[in-house]
J.: 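First the structure, then my questions, so here it is.
Counting begins at 1 with the first residue of the sequence. Being a predicted model, the structure only gives us computed values, none of them experimental.
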Amino acid sequence: MDSTMACLTDWMTRQRWYGGKGRVPQLRRLGAWDLPSDTEGVRVRTLLLMDDAARPATLYQVPVTLRQSLLPGGGHRLIGRIDSGEYVYDGPHDPVYARALLRMIVGEQTAVPDAVDAVGHSSLPAARADNPRLDDASMTATVLSGEQSNTSIIYEGNGDRASVICKVFRQLHHGENPDVTLQTALAESGSPHVPRSIGNITGEWDDVGRSSGRASGHLAFAQEFLPGVQDAWRVALDAAASGDDFSLQAHDLGVATAVVHSSLSHLFPTRPASPGDMVAVTMSWYQRLAIALAEVPEIAAHRAEIEAVFEAAQAVPWPSMQRIHGDFHLGQVLQVPGRGWVLLDFEGEPMRPMNERDQPDLVIRDIAGMLRSFDYVAGSTKADHPERRVSALKAWSHDARRAFVDGYIAASGNDLREHRQLLDAFELDKAVYEAVYETRNRPTWAPIPLIAIERLLSRGRTPNPVEVGGRL
């Protein structure tokens with residue numbers, strides 16, 4: 001192993017985006033691509049590294065800069081020093097890499113391939129007079145903290161220069177990333193409910209597992225950055241903590257969600273749900289339930305009732321399949337003054353393969369995800385504010401859930417009451433997944449999904465349960 005790979009092996013285990021927590025990676029260099037540097041003594045390179053210790057093997061994108069001298073103030077981002085004497089830094093934290101990346105995305109420079117062909121695609125037609133002004137030389141670049149699966153660089157300029165956020169995808173998969181394709185299509189259609197698209201980078205690399213011998217996918221995606229705004233999770237938390245009603249905001253969020261779903265149904269193909277679709281979805285429900293039964297003892301007593309909900313969902317008609325958000329919750333939405341709710345991160349569930357995430361799905365999956373998110377607000381608020389009464393927080397969650405669904409129905413004409421069994425199954429499946437996650441990672445939060453499971457099942461014990469709009 002050369003000196004670069006040796007220092008990367010140790011460094012990657014400490015990164016939030018590395019998926020093999022507690023495991024030492026077995027790295028194999030699959031290829032690289034270089035960008036022109038505007039600073040003497042600094043090389044800009046992106047490595048594609050396969051971790052063969054993972055099952056299945058996982059491909060990572062690792063941008064670095066190689067400097068002949070130390071980066072001022074960059075000590076905590078130093079990966080190591082290699083045999084050539086160069087210092088290796090985590091690329092996104094080096095302004096030289098940040099500038100080179102943005103220039104490539106807007107089409108001002110091209111990459112130099114080394115077994116990886118990377119191409120930048122601008123989404124800003126030159127003829128548009130209202131295009132944002134991008135001047136990488138005068139823009140400051142900082143890395144967004146707190147992310148796990150990707151790394152985002154925020155570019156902020158002065159005056160009328162636009163702010164941009166560029167997401168560097170860390171785990172790579174063959175196929176188009178829905179985070180890029182869906183948001184770009186929505187933005188170019190004029191939707192106010194997604195940030196404006198700036199551009200993206202696609203790449204192609206060797207893949208012996210494919211008949212063509214090559215794989216391709218998205219490497220990075222840049223879009224409008226909306227500074228100084230809060231996500232819906234924080235807005236809802238503040239409302240629940242202070243006892244403020246969230247119904248109006250939830251109703252508007254339901255409307256925005258319906259509008260985005262409608263736009264996606266016109267921009268991308270739709271199709272009837274096939275027997276194969278139903279089998280694939282329901283198998284995933286039972287697989288997650290099996291994991292929960294093995295890891296969460298409290299669920300065992302509910303097994304028969306949970307399976308009955310899943311069986312009831314299979315016996316009713318299913319709506320059409322279309323493109324959806326895929327991982328929808330309050331943290332994926334921004335409240336933008338004068339613009340309303342803006343949806344982010346259409347990448348889908350990070351653990352699902354890309355060839356599943358870019359397929360049509362049921363809008364009910366998104367609805368169920370958001371409904372679970374309102375429950376989480378109430379549960380989190382109770383943990384942080386024990387003086388708040390449980391009954392008051394239950395009422396807050398109930399009102400928000402009902403308003404969200406009412407807003408969605410009003411804007412879409414899709415009466416979710418007609419799909420109550422299916423919505424119950426999706427929400428129950430989500431709660432079962434959450435119970436496993438919380439038991440593994442945050443045991444004190446496990447009661448939130450466990451209480452939701454009990455509530456959802458209790459509806460089935462009621463002789464004449466109230467329909468969806470009245471009992472969310």
Side-chain angles (χ1 to χ4, degrees), residues 92 98-99 101-108 119-144 147 150-169 176-202 218-232 252-253 255-268 323-328 331-348:
R99 291 193 297 269
L101 181 70
L102 184 58
R103 283 197 298 270
M104 181 176 182
I105 286 176
V106 299
E108 294 180 0
V119 181
H121 306 273
S122 174
S123 296
L124 301 175
R128 284 278 295 271
D130 61 342
N131 282 347
R133 292 181 58 196
L134 301 177
D135 183 356
D136 58 85
S138 65
M139 300 179 80
T140 59
T142 56
V143 175
L144 184 67
E147 281 195 312
N150 301 300
T151 300
S152 290
I153 306 172
I154 300 171
Y155 300 84
E156 294 185 275
N158 299 317
D160 61 352
R161 291 183 175 86
S163 295
V164 175
I165 183 168
C166 180
K167 181 184 295 185
V168 178
F169 299 115
E176 293 186 333
N177 193 316
D179 199 26
V180 181
T181 55
L182 299 191
Q183 289 198 80
T184 298
L186 286 166
E188 292 180 349
S189 73
S191 173
H193 296 299
V194 295
R196 188 172 185 180
S197 179
I198 303 298
N200 64 82
I201 297 174
T202 59
H218 287 101
L219 306 178
F221 177 44
Q223 56 188 158
E224 169 192 18
F225 179 64
L226 301 165
V229 299
Q230 289 186 314
D231 63 33
D252 290 345
L253 179 55
V255 171
T257 304
V259 170
V260 168
H261 280 164
S262 177
S263 296
L264 289 173
S265 72
H266 289 92
L267 292 168
F268 296 91
R323 300 303 294 272
I324 64 169
H325 184 282
D327 187 25
F328 199 41
Q332 308 283 43
V333 186
L334 298 178
Q335 186 179 57
V336 182
R339 187 165 165 181
W341 295 114
V342 174
L343 281 59
L344 308 171
D345 297 331
F346 285 65
E347 198 171 356

J.: With sequence neighbours left out, what residues match F346 under ring pair (Phe, Tyr, Trp, His ring centres under 6.0 Å)?
T.: H325
J.: Just by modelled atom types, is the V259 backbone N or O under 3.5 Å from a matching donor or acceptor in the S262 side chain?
T.: no
J.: What's the shortest heavy-atom distance between L226 and V336, and which atoms?
T.: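 Result for this residue pair: CD1-CG2, 3.7 Å.
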J.: Side-chain contact test, heavy atoms from C-beta onward, threshold under 4.5 Å: evaluate it for V143 versus T151 and give yes or no.
T.: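 The answer is yes; the side chains approach within 4.5 Å.
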J.: Going from CD on E156 to CD1 on I154, what distance comes out if it is rounded to the nearest 0.5 angstrom?
T.: 6.5 Å
J.: With H218, which residues qualify under ring pair (Phe, Tyr, Trp, His ring centres under 6.0 Å), at least two apart?
T.: none
J.: What distance do Q335 atom CD and D231 atom CG have between them, rounded to the nearest 0.5 Å?
T.: 10.0 Å
J.: Just distance, no hydrogens or angles: give the donor-acceptor pairs under 3.5 Å from side chains in residues 187-195, sequence neighbours left out.
T.:
{"from": "S189", "atom 1": "OG", "to": "L186", "atom 2": "O", "distance (Å)": "2.6"}
{"from": "S191", "atom 1": "OG", "to": "H193", "atom 2": "N", "distance (Å)": "3.1"}
{"from": "H193", "atom 1": "ND1", "to": "W341", "atom 2": "O", "distance (Å)": "2.9"}

J.: Hey, could you give me each pair passing salt bridge (charged side-chain N to carboxylate O under 4.0 Å, His left out) that has a residue in residues 257-266? Not counting sequence neighbours.
T.: none
J.: From M104 CE over to C166 SG, what is the distance, rounded to the nearest 0.5 angstrom?
T.: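 Atom-to-atom, M104:CE and C166:SG are 11.0 Å apart.
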J.: Which pairs, with at least one residue in residues 219-230 and sequence neighbours excluded, count as a salt bridge (charged side-chain N to carboxylate O under 4.0 Å, His left out)?
T.: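 Every salt bridge (charged side-chain N to carboxylate O under 4.0 Å, His left out) pair that includes a residue of residues 219-230, provided the two are not neighbours, is E224-R339.
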J.: Just how far is it from atom NE2 of H121 to atom CD1 of I105, taken to the nearest 0.5 Å?
T.: 10.5 Å
J.: Of all heavy-atom pairs between K167 and D345, which one has the smallest distance, and what is that distance?
T.: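 It is NZ-OD1, 2.8 Å.
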J.: Side-chain donor-acceptor pair under 3.5 Å between E347 and N150, yes or no?
T.: yes
J.: About how many Å separate CG of L219 and CG of L101, when rounded to the nearest 0.5 Å?
T.: 9.5 Å
J.: Are L334 and L343 side-chain neighbours, meaning at least one heavy-atom pair lies under 4.5 Å?
T.: no
J.: Who pairs with F221 by ring pair (Phe, Tyr, Trp, His ring centres under 6.0 Å), at least two apart in sequence or on another chain?
T.: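 By the ring pair (Phe, Tyr, Trp, His ring centres under 6.0 Å) rule, F221 matches no residue at all.
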J.: I'd like to check S163 versus Y155 (side-chain heavy atoms, cut-off strictly below 4.5 Å). Are they in contact?
T.: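 Of all side-chain heavy-atom pairs linking Y155 with S163, none is under 4.5 Å.
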